[in-house]
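Here's the structure we're looking at; comments come further down.
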Amino acid sequence: MSSTAAQAAGALAAPATGTIPRHVAIIMDGNGRWAKKRFLPRFAGHKAGVEAVRRVTREARAIGIEALTLYAFSSENWRRPEEEVSDLMGLLRHFIRSDLDELVRENVRLRVIGDYRRFAPDVVEMIDDAVARTGGNDGPILAIALNYGAQAELAAAARRCAAKLPPDRIDEAAIEAELQTRDLPPLDLLIRTSGEQRLSNFLLWQAAYAELLFVDTLWPDFDEAALREAVAAFGGRQRRYGGL
Ligand code: IPE
Ligand code: IPE
Ligand code: MG
């Protein structure tokens, strides 16, 4: 579906009142607990989590969300056992192999935020190739946060500003222009699944005036209806930005 067709489909299917968020970000949490509940290894939860990614990215396109940013691996997730980190890398390879053609075809622009160059060389190469293959597209953006940490992102932005500008010219706009999300629309809605209510070093700057939504659903159970509910909840929020 082209992005205009996706937007038209979204306009029909979206709630009658309320606005559609332009940029939605999701902290996809709860894979491990989902598996535990089923007496399965954590890997099974991550695998089911990939299915949820597939469902939700498709639905986001159908709704007409312009940018979807997914927190897939934080800069702190290296603290997990080596085997789990390696399982997650395996699933990332698998996802790129199995889903890239669809993203290219669906006019999706794939982006990566985070220091993914710390990953194994073959993964880095796959990511660079995947991003390049969607480079000619002009539809919705799918940004995946890989080895991402907001504090590191901000420190890097500060360093780049300091190298370019005198201190009195480093303002909010200058910092924003150095963030990895600089090409994305402003963050409207930030969702975290699994009942945890924290940001875990995700999009700290960008979340300044985002609407926050914490849902109890574990990520592998998050589906099309859950995304629509989140969008409807967003539509019912009144954003004030400090005004009245
Ligand atoms: C989120 O699920 C996936 C990643 C962090 C990669 P978790 O693995 O954190 O699941 P829980 O929090 O242990 O349930
Ligand atoms: C946040 O989830 C990171 C991702 C979803 C990729 P975590 O499960 O790592 O967060 P904490 O450790 O509970 O804060
Ligand atoms: Mg977790």
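All ligand and atom numbering here is 1-based and tracks the order in the structure.
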Q) Is it the case that more than 12 heavy atoms not belonging to Glu102 sit under 6.0 Å from its CD atom? A) yes
Q | Minimum-distance pair of heavy atoms, taken over all atoms of Arg198 and Ile27 | A | O-CD1, 3.9 Å
(Q) Donor-acceptor pair, distance only, cut-off 3.5 Å: does the side chain of Asp188 make one with the backbone of Arg22? (A) yes
Q: Tell me, yes or no, whether the heavy-atom count around Arg118 atom CZ, taken from other residues, nucleotides or ligands under 6.0 Å, exceeds 12.
A: no
Q: Tell me the protein N, O or S atoms under 2.8 Å from the Mg ion (ligand 3), in chain and number order.
A: Asp29 OD1
Q) Hey, does the side chain of Thr193 reach the backbone of Asp29 with a donor-acceptor pair shorter than 3.5 angstrom? A) yes
Q) Does Gly139 offer a backbone N or O that forms a donor-acceptor pair with the side chain of Asn137 under 3.5 Å? A) no
Q) Taking 4.0 angstrom as the limit, do Glu178 and Lys164 come out as a salt bridge? A) yes
Q: Could you list the atoms of ligand 2 found under 4.0 angstrom from a heavy atom of Arg192?
A: 1 (C), 2 (O), 7 (P), 10 (O), 11 (P), 13 (O), 14 (O)
Just the distances, no angles: every ligand 1 N or O to protein N or O pair closer than 3.5 Å, one line each.
| unit_1 | atom_1 | unit_2 | atom_2 | d |
| --- | --- | --- | --- | --- |
| ligand 1 | 2 (O) | Gly30 | N | 3.3 |
| ligand 1 | 2 (O) | Asn31 | N | 3.2 |
| ligand 1 | 8 (O) | Arg42 | NH2 | 2.8 |
| ligand 1 | 8 (O) | Arg80 | NH1 | 2.7 |
| ligand 1 | 9 (O) | Asp29 | OD1 | 2.9 |
| ligand 1 | 9 (O) | Arg80 | NH2 | 2.9 |
| ligand 1 | 10 (O) | Gly30 | N | 3.4 |
| ligand 1 | 10 (O) | Asn31 | N | 3.1 |
| ligand 1 | 10 (O) | Gly32 | N | 2.9 |
| ligand 1 | 12 (O) | Asp29 | OD1 | 2.9 |
| ligand 1 | 12 (O) | Arg33 | NH2 | 2.8 |
| ligand 1 | 13 (O) | Arg42 | NH1 | 3.1 |
| ligand 1 | 13 (O) | Arg42 | NH2 | 3.1 |
| ligand 1 | 14 (O) | Gly32 | N | 3.3 |
| ligand 1 | 14 (O) | Arg33 | N | 2.8 |
| ligand 1 | 14 (O) | Arg33 | NE | 2.7 |

Q. Which atoms of ligand 2 have any heavy atom of Arg198 under 4.0 Å away?
A. 11 (P), 13 (O), 14 (O)
(Q) Would Arg42 and Asp87 count as a salt bridge (charged side-chain N to carboxylate O under 4.0 Å, His left out) here? Give the steps. (A) CA-CA 10 Å; Arg42 292 179 58 85; Asp87 282 347; over 6 Å; no
Q) Could you give the distance from CG (Leu187) to CZ (Phe202), rounded to the nearest 0.5 Å? A) 8.0 Å
Q) Under 3.5 Å, is there a donor-acceptor pair between the side chain of Arg228 and the main chain of Glu59? A) no
